[in-house]
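Hydrogens, waters and symmetry mates are skipped; everything else that's a heavy atom, side chains included, is used. Remember, it's a predicted structure, so these values are computed and weren't measured experimentally.
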2 protein chains.
Amino acid sequence: MSANHPTIKEIALRLNVSISTVSRALHDHPRIGIKTKERVKELAREMKYEPNAQAIFFKQQKTAVIGVVLPSIKEEFFSQAISGIEAAATQYDYTILFGQSHDDPAIEKRVIESMKRQRVDGIIISLSKNTNKISYLKEIETAGIPIVFFDRVPDQPDVHKVYCDIYKSTIDMVNWLYSRGYRKIAMINGPANLTASRERLEGYKQALSQKKMKVDMRYFETTDLTKEGTTTAMKKLLSLKNGPTAVISFNDYVHMDATQYAHMQGININKDIAFVSYSNLSITDYTAFPPLLSVEQYPYGQGEQAMETIIRAMKGEHEKDFFYHEEVPTTLVIHGTNHIR
Amino acid sequence: MSANHPTIKEIALRLNVSISTVSRALHDHPRIGIKTKERVKELAREMKYEPNAQAIFFKQQKTAVIGVVLPSIKEEFFSQAISGIEAAATQYDYTILFGQSHDDPAIEKRVIESMKRQRVDGIIISLSKNTNKISYLKEIETAGIPIVFFDRVPDQPDVHKVYCDIYKSTIDMVNWLYSRGYRKIAMINGPANLTASRERLEGYKQALSQKKMKVDMRYFETTDLTKEGTTTAMKKLLSLKNGPTAVISFNDYVHMDATQYAHMQGININKDIAFVSYSNLSITDYTAFPPLLSVEQYPYGQGEQAMETIIRAMKGEHEKDFFYHEEVPTTLVIHGTNHIR
DNA sequence: TATTGCTGTGCAATCGTTTGCGCATCAATC
DNA sequence: GATTGATGCGCAAACGATTGCACAGCAATA
């Protein structure tokens with residue numbers, strides 16, 4: 001069952017010419033006679049010859065393979081992102097070596113090392129949410145494999161990264177709520193160590209202070225993103241004397257847990273309390289309680305952008321200490337009007 | 001920015017020994033002196049030498065890479081499946097070259113050809129729903145790259161495949177409904193050309209006739225899996241004089257569209273009409289109208305099984321005309337009791 | 001002393017392809 | 001008739017690692 005691919009050597013043998021002649025004939029080298037070219041091409045077709053990409057890339061010290069490491073493809077955001085990456089990759093004749101970290105830094109490292117051994121030409125990664133040391137990644141970059149971070153990117157400036165401005169989206173979101181008359185705006189944020197959480201919190205504070213509202217930390221809760229964590233957070237918000245009239249959830253998954261609990265507590269979702277969120281999952285319109293508003297982060301576009309950025313990084317045309325920081329825009333998507341209930 | 005990996009050649013040069021000595025020392029060859037081994041290993045560590053997997057596999061005419069082609073990773077079924085594939089791959093020291101067909105046979109073929117050029121050691125594929133010619137895949141297999149189909153598999157017996165018994169699941173499902181007193185059981189099936197659809201239909205017919213019920217084709221509709229197709233099908237069912245008391249949907253996505261429409265028509269979901277389905281999406285419990293019952297097809301397990309099967313196929317220990325047909329079990333998962341509404 | 005066997009190492013081929021260089025052959029030019 | 005230039009093709013090295021074979025040096029044996 002071992003692969004039996006024809007080689008230029010066999011073609012050369014059958015045609016009684018040298019290997020180099022076959023190679024050049026197939027590449028339409030000007031110095032090869034036209035009859036020879038035709039004989040070679042004819043036989044190549046007949047034998048279903050296909051160049052051995054492995055051999056070529058081995059010689060050229062490239063692989064035309066990009067490693068892609070994502071936390072979990074079960075999240076719609078990442079499954080969309082990889083589609084964008086793949087689409088762009090196909091366009092540039094690259095293929096995708098795929099791995100998930102499942103938000104475990106140890107697995108993440110193992111996957112990366114394996115990709116390094118495979119000699120991928122570059123790596124696109126969205127960090128596991130528990131990763132805080134990326135020094136080994138910098139080493140890999142120094143060893144000659146460029147890395148582009150996307151969405152879950154490190155704070156530091158000396159990396160290539162593609163991300164969207166959650167800080168700004170959050171301000172937009174609060175402003176939207178404000179313009180609809182909501183004043184008691186709560187937030188169920190993610191773990192404090194995440195950049196994503198920090199951006200949300202800062203945007204939240206900034207927006208409130210722009211509106212001359214004081215930041216009431218009773219309205220600010222966090223969740224570890226588990227159902228239990230979110231339920232606890234929501235419970236606290238609901239127990240407040242002067243409870244919130246609007247709740248911003250970390251993302252649509254948190255939103256679903258929060259609204260599920262609130263509903264069970266007799267809250268009329270989006271009537272008694274307005275719920276808004278991030279991610280804009282496609283499943284949203286089928287859920288029992290869609291958010292009034294969700295921030296669309298265009299994972300597909302981020303994926304495409306990440307691929308284009310790594311290609312530029314691989315070309316290495318940039319200055320030695322230049323790093324790409326690509327910001328992709330977001331949009332507020334309104335759902336509330338046509339939801340099922 | 002080109003990769004600069006140390007090679008055994010450089011180690012040999014620095015140590016004034018031959019390349020072969022370095023290679024053997026690193027592999028603990030018995031004929032290499034102990035001091036030499038230590039000197040070599042020491043320097044290798046120091047230089048952060050890592051064997052060039054590309055070179056090794058090139059020489060061995062292998063890649064340790066498995067191509068995985070899925071219709072669309074946005075479907076939870078496939079995103080779970082690839083996790084299973086990846087987990088098993090990691091265990092056996094294989095990596096995953098990934099591609100989506102987006103249910104387009106032309107793209108599917110392009111992806112496969114590209115993987116062939118990359119000389120993957122094997123291919124795991126779940127067919128695009130529009131694919132009907134797999135002859136070119138048989139050719140690739142003949143050329144020496146084993147192929148394992150999973151979930152969306154061809155009918156023919158002369159292929160390796162991993163799948164679950166939807167025929168049997170459907171019978172179980174109808175029996176479950178029957179035991180709950182439902183007698184007017186409708187089905188919204190998928191496109192007739194899909195094996196998956198045929199199995200559902202046959203199971204449906206078989207179950208009904210086992211219960212001495214006649215198959216009423218007024219209760220049988222199909223959808224092209226678009227929202228419109230499903231809505232039309234549901235509309236027809238609702239317009240019947242003696243309408244169904246239960247509806248079996250092709251999968252949870254169809255189920256969501258069907259129930260969304262039925263709800264808008266004033267049907268009390270799972271009270272007026274019972275809805276059951278296939279896939280058992282994790283999102284189900286957050287949706288407005290979860291199915292009473294959904295068939296769990298264990299995509300993760302199917303993925304693992306597919307990986308194990310391709311590894312066996314690559315070993316080629318089987319008889320020349322033997323093909324693996326691995327059936328993985330399904331389960332009926334009950335939701336109705338704790339759904340939100 | 002000659003043979004045998006062991007230890008430690010190097011040579012060179014191999015995988016498939018590309019490519020710089022060189023060598024013919026032939027026609028055209030001076 | 002010698003030089004030049006174009007044409008057509010082959011040789012061999014290179015990419016990184018593995019491995020069968022050979023060989024030198026040395027000790028033990030006959």
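- Residue contacts for B:Ile56: at a heavy-atom cut-off of 4.0 Å it reaches the sugar-phosphate backbone alone, with no base atom in range.
- Side-chain atoms of B:Thr36 lie closest to C:dG8 of the nucleotides D:dA17, C:dG8, C:dT17.
- Figure legend: cation-pi geometry between A:Lys161 and A:Phe150 absent, as NZ or CZ is not positioned both under 6.0 Å from the six-membered ring centre and within 45° of its axis.
- Axis orientation changes by 80° from one end of the helix from C:dT1-D:dA30 to C:dC30-D:dG1 to the other, with each end axis drawn from 5 pairs and the value rounded to 10°.
- Between the side chains of A:Gln54 and B:Thr63, no donor N or O sits under 3.5 Å from an acceptor N or O.
- If you measure from atom NE2 of B:His29 to atom C1' of C:dG8, you get 11 Å, rounded to the nearest angstrom.
- Between C:dG8 and B:Thr21, no contact under 4.0 Å exists linking OP1 or OP2 to a side-chain N or O.
- The CD1-C1' distance, from B:Ile8 to C:dA12, rounds to 14 Å in whole Å.
- A close approach under 4.0 Å does occur between a side-chain nitrogen or oxygen of A:Lys9 and OP1 or OP2 of C:dC15.
- One finds no side-chain N or O of A:Ser23 lying less than 4.0 angstrom from the OP1 or OP2 phosphate oxygen of C:dT17.
- Salt bridge present: A:Asp103 and A:Arg152 bring a charged side-chain N and a carboxylate O closer than 4.0 Å.
- Backbone-only engagement by A:Val17 is indicated by non-hydrogen atom pairs under 4.0 Å involving sugar-phosphate atoms exclusively.
- The shortest distance between the side-chain N/O atoms of A:His5 and the OP1/OP2 oxygens of C:dG16 is not below 4.0 Å.
- With respect to B:Lys116 and B:Glu113, no salt bridge is recorded, no charged nitrogen being found less than 4.0 Å from a carboxylate O.
- Atoms CD (B:Gln118) and C1' (C:dG16) sit 15 Å apart, rounded to a whole Å.
- Among the atoms of the strands shown, none is found under 4.0 Å from any heavy atom of A:Phe57.
- Counting to the nearest Å, the P atom of C:dT9 and the CD1 atom of B:Ile11 are 16 Å from each other.
- Not one N or O on the side chain of A:Ser114 forms a donor-acceptor pair closer than 3.5 Å with the backbone of A:Arg110.
- One atom, CG of A:Asn16, and another, P of D:dC9, lie 13 Å apart when rounded to the nearest Å.
- Distance, B:Ile32 CD1 to C:dT7 P: 13 Å, rounded to whole Å.
- Residue B:Glu50 is the one, among B:Glu50 and B:Arg31, whose nearest nucleotide of DNA chain D lies closer to the 5' end (criterion: closest heavy atom).
- You'll find that the side chain of A:Thr7 is closest to C:dG16, out of D:dA17, D:dC9, C:dG16.
- Distance CZ (A:Arg39) to P (D:dG8): 14 Å, rounded to an integer number of Å.
- DNA chain C is contacted by both B:Phe58 and B:Arg24; B:Arg24 maps to the nucleotide lying nearer its 5′ end (nearest heavy atom per residue).
- Judged by atom type and distance alone, B:Lys59 does not reach the base of D:dA17 through any side-chain donor-acceptor pair under 3.5 Å.
- Proximity note for B:Ala55 (side chain, C-beta onward) versus C:dT18, D:dG16, C:dG16: the nearest is D:dG16.
- A:Glu108 and A:Lys129 are not joined by a salt bridge, as no carboxylate oxygen comes within less than 4.0 angstrom of a charged side-chain nitrogen.
- Checking the phosphate oxygens (OP1, OP2) of C:dC11, no side-chain nitrogen or oxygen of B:Ser20 falls inside 4.0 Å.
- Under a 4.0 Å N-O distance rule, the pair B:Lys41/B:Asp28 qualifies as a salt bridge.
- Relative ring orientation between A:Tyr324 and A:His160 is described as tilted, the plane-to-plane angle lying within the 30° to 60° band.
- Computed from coordinates, the B:Leu13 CG to C:dG10 P distance equals 12 Å when rounded to whole Å.
- Contact check, A:Gln61 against D:dG16: a side-chain N or O comes under 4.0 Å of OP1 or OP2.
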